[in-house]
A.B. asks: 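Let me give you the structure first, and then I'll get to my questions.
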Amino acid sequence: QVQLVESGGGLVQTGDSLRLSCAASGRAVSMYKMGWFRQAPGKEREFVAHVVMSGGSTVYSDSVKGRFTISRDNSKNAVYLQMNSLKPEDTADYYCAAAPFRTGYNSYDYWGQGTQVTVSA
């Protein structure tokens with residue numbers, strides 16, 4: 001199975017940018033649909049974006065569309081989330097997740113430990 005480790009979170013100001021990274025080990029990340037999710041304090045975890053195995057297709061939540069970009073580098077076994085024009089409402093713990101073939105790429109069975117992003121007003 002794949003192990004995922006996120007990094008790149010931090011404290012930034014409104015309008016700043018951050019790039020989150022998700023490093024995979026144990027299995028090739030190219031075998032999975034990869035997604036980013038986030039969970040704000042007191043709220044449920046929500047979908048942010050996903051990218052298919054080839055990297056050719058991406059989907060974003062309406063709240064981040066046009067500001068965030070998900071990408072993957074299968075040669076580095078990594079997935080990224082470029083976050084621009086950050087807003088205080090983007091404050092959350094961000095999680096990388098992998099959906100394997102055996103679930104039809106529909107269930108994110110593997111999760112990282114998360115990285116915290118705080119956007120000050």
Side-chain angles (χ1 to χ4, degrees):
Q1 64 183 34
V2 66
Q3 290 83 44
L4 305 171
V5 178
E6 303 93 336
S7 62
L11 172 63
V12 297
Q13 295 184 335
T14 297
D16 285 350
S17 298
L18 272 179
R19 187 193 194 209
L20 304 183
S21 298
C22 173
S25 62
R27 290 283 181 92
V29 73
S30 59
M31 297 173 60
Y32 304 88
K33 183 175 77 175
M34 300 298 297
W36 284 96
F37 292 76
R38 67 186 183 186
Q39 187 168 18
K43 295 187 177 181
E44 294 188 354
R45 186 179 297 179
E46 66 171 352
F47 168 80
V48 174
H50 81 230
V51 59
V52 299
M53 286 66 66
S54 66
S57 177
T58 57
V59 174
Y60 298 90
S61 68
D62 288 343
S63 60
V64 307
K65 197 175 298 181
R67 299 187 299 121
F68 290 12
T69 302
I70 187 172
S71 62
R72 62 193 300 159
D73 187 337
N74 290 337
S75 68
K76 295 183 177 179
N77 224 26
V79 180
Y80 308 98
L81 185 68
Q82 177 67 42
M83 305 186 296
N84 298 330
S85 302
L86 283 162
K87 306 174 181 180
E89 51 263 44
D90 294 318
T91 295
D93 291 326
Y94 283 72
Y95 299 88
C96 173
F101 169 78
R102 57 178 172 78
T103 71
Y105 304 112
N106 291 320
S107 175
Y108 290 91
D109 284 2
Y110 305 104
W111 294 81
Q113 84 291 346
T115 185
Q116 189 174 59
V117 173
T118 303
V119 185
S120 63

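Owing to the predicted nature of the structure, the values given are computational and were not obtained by experimental measurement. Numbering starts at 1 and runs along the sequence shown.
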A.B. asks: On a heavy-atom basis, which atom in A98 and which in P100 lie closest, and how many Å separate them?
C.D. replies: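 Closest approach of A98 to P100, heavy atoms only: O-CD, 3.7 Å.
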A.B. asks: Between atom NE2 of H50 and atom OH of Y60, what is the distance when rounded to the nearest 0.5 Å?
C.D. replies: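 It comes to 10.0 Å.
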A.B. asks: How long is the span from the OH atom in Y108 to the CG atom in L4, to the nearest 0.5 Å?
C.D. replies: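 CG of L4 is found 11.5 Å from OH of Y108.
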A.B. asks: Shortest non-hydrogen contact from R27 to N77?
C.D. replies: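 In this case the closest contact between R27 and N77 is O-ND2, 3.2 Å.
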A.B. asks: State, with a plain yes or no, whether a side-chain heavy atom of T115 is found less than 4.5 Å away from one of S7.
C.D. replies: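 The answer is no; the side chains never approach within 4.5 Å.
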A.B. asks: Check whether any side-chain heavy atom of N74 lies under 4.5 Å from a side-chain heavy atom of R72, and answer yes or no.
C.D. replies: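 Yes - at least one pair of side-chain heavy atoms lies under 4.5 Å apart.
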A.B. asks: Give the C-alpha distance, both sets of side-chain angles, the deciding distance and a yes or no for salt bridge (charged side-chain N to carboxylate O under 4.0 Å, His left out) between D62 and K65.
C.D. replies: CA-CA 5 Å; D62 288 343; K65 197 175 298 181; 3.2 Å; yes
A.B. asks: Check whether Y95 forms a cation-pi arrangement with R45 (NZ or CZ under 6.0 Å from the six-membered ring centre, at most 45° off the ring normal).
C.D. replies: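 Judged by the rule, R45 and Y95 form a cation-pi pair.
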A.B. asks: If you compare all heavy atoms of A24 against all heavy atoms of V2, which two are closest, and at what distance to 0.1 Å?
C.D. replies: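 Nearest pair, atom of A24 first, then V2: CB-CG2, 3.8 Å.
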A.B. asks: Report the distance from atom CG of D90 to atom OG1 of T118, rounding to the nearest 0.5 Å.
C.D. replies: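 Answer for the CG-OG1 pair, D90 versus T118, is 11.0 Å.
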A.B. asks: Quick check: do V64 and L81 have side-chain heavy atoms less than 4.5 Å from each other?
C.D. replies: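 No - every pair of side-chain heavy atoms lies 4.5 Å or more apart.
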A.B. asks: Is it the case that over 12 heavy atoms from other parts of the model lie below 6.0 angstrom from the CD atom of Q113?
C.D. replies: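 Correct, the count exceeds 12.
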A.B. asks: Do F68 and W36 have ring centroids that are under 6.0 Å from one another?
C.D. replies: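 No - the distance between ring centres of W36 and F68 does not fall below the 6.0 Å cut-off.
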A.B. asks: Rounded to the nearest 0.5 Å, how far apart are CG of L20 and CD of Q82?
C.D. replies: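 One gets 8.5 Å once the value is rounded to the nearest 0.5 Å.
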A.B. asks: Compare every heavy atom of F47 with every heavy atom of V59, then report the nearest pair and how far apart it is.
C.D. replies: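 That would be O-CZ, 3.6 Å.
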A.B. asks: Report the distance from atom CZ of R19 to atom OG of S17, rounding to the nearest 0.5 Å.
C.D. replies: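 Going from the CZ atom of R19 to the OG atom of S17 covers 12.0 Å.
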A.B. asks: Check whether any side-chain heavy atom of V29 lies under 4.5 Å from a side-chain heavy atom of M34, and answer yes or no.
C.D. replies: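 Of all side-chain heavy-atom pairs linking M34 with V29, at least one is under 4.5 Å.
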A.B. asks: Heavy atoms only: give me the nearest V51-K33 pair and the separation to one decimal.
C.D. replies: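 Between these two residues, the closest heavy atoms are O-CG, 3.4 Å.
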A.B. asks: Let me confirm one number: the NZ-CZ distance from K43 to R38, rounded to the nearest 0.5 Å.
C.D. replies: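 Output value for this atom pair is 8.5 Å.
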A.B. asks: Same cluster or not: F101 versus M53, using hydrophobic residues (I, L, V, M, F, W, Y) connected whenever any side-chain heavy atoms lie under 4.5 Å apart?
C.D. replies: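 Looking at the clustering, M53 is in the same group as F101.
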A.B. asks: For E6 versus C96, what's the shortest heavy-atom pair and its separation?
C.D. replies: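 For E6 and C96, the tightest heavy-atom pair comes out as OE2-N, 2.7 Å.
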A.B. asks: Are any non-hydrogen side-chain atoms of Q13 and S120 less than 4.5 angstrom apart?
C.D. replies: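 Counting from C-beta outward, Q13 and S120 do come under 4.5 Å.
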